[in-house]
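Report on the structure given below.
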Amino acid sequence: MAAANPTLHPVRLRIIQALLGNEFTTAQLRERMPDIAPATLYRHIAALHEADVLEVAREKRVRGATERCYRLRTTDLLMRSGHLTQEDHQVAFSVFTGALMADFERYLAAPDTDPETDGLAYRQAAVWLDADEHAALAAEITRVVSRYADNGPGPGRTRHVIGYVDIPEANPS
């Protein structure tokens with residue numbers, strides 16, 4: 001599975017999450033992920049770049065070396081390799097939820113967090129939809145998130161990572 005989809009690794013998923021809507025150098029990514037050994041981070045960045053998940057946004061010479069600034073090549077990362085088997089989906093979802101838990105734990109471990117003030121939210125709802133309604137809902141969610149996706153850092157702004165899971169019931173009655 002890892003060869004078929006290079007994004008399905010917890011460290012790589014963290015790199016992808018950090019780059020959502022951002023461009024960072026490897027040094028800047030290291031600052032955001034101090035718990036990951038530098039050699040490990042470099043190896044995973046290289047793997048994502050080689051797999052065309054990341055692209056070089058720009059380069060500059062710094063003390064005789066070339067510093068690269070990376071960005072995501074696509075936002076449709078987990079499903080980008082085409083049709084996944086049920087086992088592939090199990091692995092992908094496990095990585096996704098594992099990364100989500102790690103993000104949540106890092107948030108709660110940070111000093112001075114205030115979930116209510118910070119806008120922490122997690123919700124679950126069940127809706128009955130036919131195929132057309134489901135497609136319309138997915139398109140609407142995409143439109144709403146896209147409306148804010150180009151916002152950059154600024155006074156009073158905090159970066160929020162929005163995750164979306166849509167699981168159909170196996171045998172609806």
Side-chain angles (χ1 to χ4, degrees), residues 1-85 87-113 118-120 141-165:
M1 182 62 222
N5 194 329
T7 64
L8 297 181
H9 186 282
V11 171
R12 293 179 189 173
L13 194 54
R14 282 185 63 192
I15 293 166
I16 289 165
Q17 288 171 332
L19 288 169
L20 286 171
N22 292 308
E23 295 179 356
F24 291 127
T25 65
T26 304
Q28 291 169 319
L29 286 168
R30 281 187 57 209
E31 290 172 7
R32 284 163 176 74
M33 298 179 224
D35 57 313
I36 300 174
T40 300
L41 186 64
Y42 294 137
R43 186 175 64 251
H44 287 292
I45 290 170
L48 289 169
H49 182 253
E50 184 177 307
D52 288 330
V53 174
L54 302 183
E55 65 184 356
V56 176
R58 63 188 167 283
E59 295 179 330
K60 73 177 182 177
R61 298 291 288 174
V62 177
R63 292 174 294 218
T66 302
E67 180 182 68
R68 291 180 179 90
C69 187
Y70 293 96
R71 67 178 166 223
L72 292 177
R73 186 175 296 278
T74 180
T75 56
D76 186 19
L77 296 167
L78 283 176
M79 303 310 239
R80 70 191 294 274
S81 64
H83 298 290
L84 300 179
T85 66
E87 183 179 317
D88 293 342
H89 278 289
Q90 182 66 45
V91 171
F93 193 74
S94 295
V95 170
F96 172 79
T97 56
L100 192 62
M101 277 300 299
D103 286 342
F104 187 71
E105 290 168 3
R106 274 189 299 280
Y107 166 76
L108 290 177
D112 301 326
T113 58
D118 295 342
L120 176 68
I141 290 169
T142 299
R143 272 192 306 277
V144 169
V145 173
S146 295
R147 190 175 326 147
Y148 300 96
D150 290 334
N151 286 356
R157 283 193 173 151
T158 301
R159 185 171 181 259
H160 293 255
V161 176
I162 307 294
Y164 171 69
V165 178

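Separation of atoms CG (Leu29) and CD1 (Ile45) is listed at 5.0 Å; rounding is to 0.5 Å. Here the straight-line distance linking atom CZ of Arg106 with atom CE of Met101 works out to 11.0 Å at 0.5 Å rounding. Rounded to the nearest 0.5 angstrom, His9 NE2 and Arg14 CZ are separated by 11.5 Å. Going from atom CD1 of Ile162 over to atom CD1 of Ile141 covers 11.0 Å, rounded to the nearest 0.5 Å.
The main-chain N or O of Gln28 is found under 3.5 Å from a side-chain atom of Arg32 such that the two form a donor-acceptor pair. Checking side-chain atoms of Arg73 against main-chain N and O of Asp52 turns up a donor-acceptor pair under 3.5 Å.
Taking all atoms of both residues into account, the shortest heavy-atom contact from Phe24 to Asn22 is CE1-CB, 3.4 Å. The minimum heavy-atom distance linking Glu55 with His49 is given by the pair CA-CD2, 4.2 Å. When all heavy atoms of Arg159 and Val161 are compared, the closest pair comes out as NH1-CG2, 3.9 Å. Nearest heavy atoms, Leu41 versus Ile36: N-CG2, 3.8 Å. The minimum heavy-atom distance linking His160 with Asp118 is given by the pair CE1-O, 3.3 Å.
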(request) Test Phe104 against Leu100 for side-chain contact (heavy atoms from CB on, under 4.5 Å), laying out the working first. (result) CA-CA 6 Å; Phe104 187 71; Leu100 192 62; 6.0 Å; no
(request) Mind running side-chain contact (heavy atoms from CB on, under 4.5 Å) on Thr26 and Arg68 for me, showing each step along the way? (result) CA-CA 7 Å; Thr26 304; Arg68 291 180 179 90; 5.9 Å; no
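Met33 has its side chain out of reach of His44: every pair of non-hydrogen atoms, C-beta onward, lies at least 4.5 Å apart. Counting heavy atoms from C-beta outward, Leu48 and Leu72 have side chains that stay 4.5 Å or more apart. With contacts defined as side-chain heavy-atom distances shorter than 4.5 Å, the pair Tyr70/Thr25 does not qualify.
Around the OH atom of Tyr164, the shell of radius 6.0 Å holds more than 12 heavy atoms that belong to other residues, nucleotides or ligands.
In the model, Arg61 has a side-chain atom that pairs as donor or acceptor with a side-chain atom of Thr66 under 3.5 Å.
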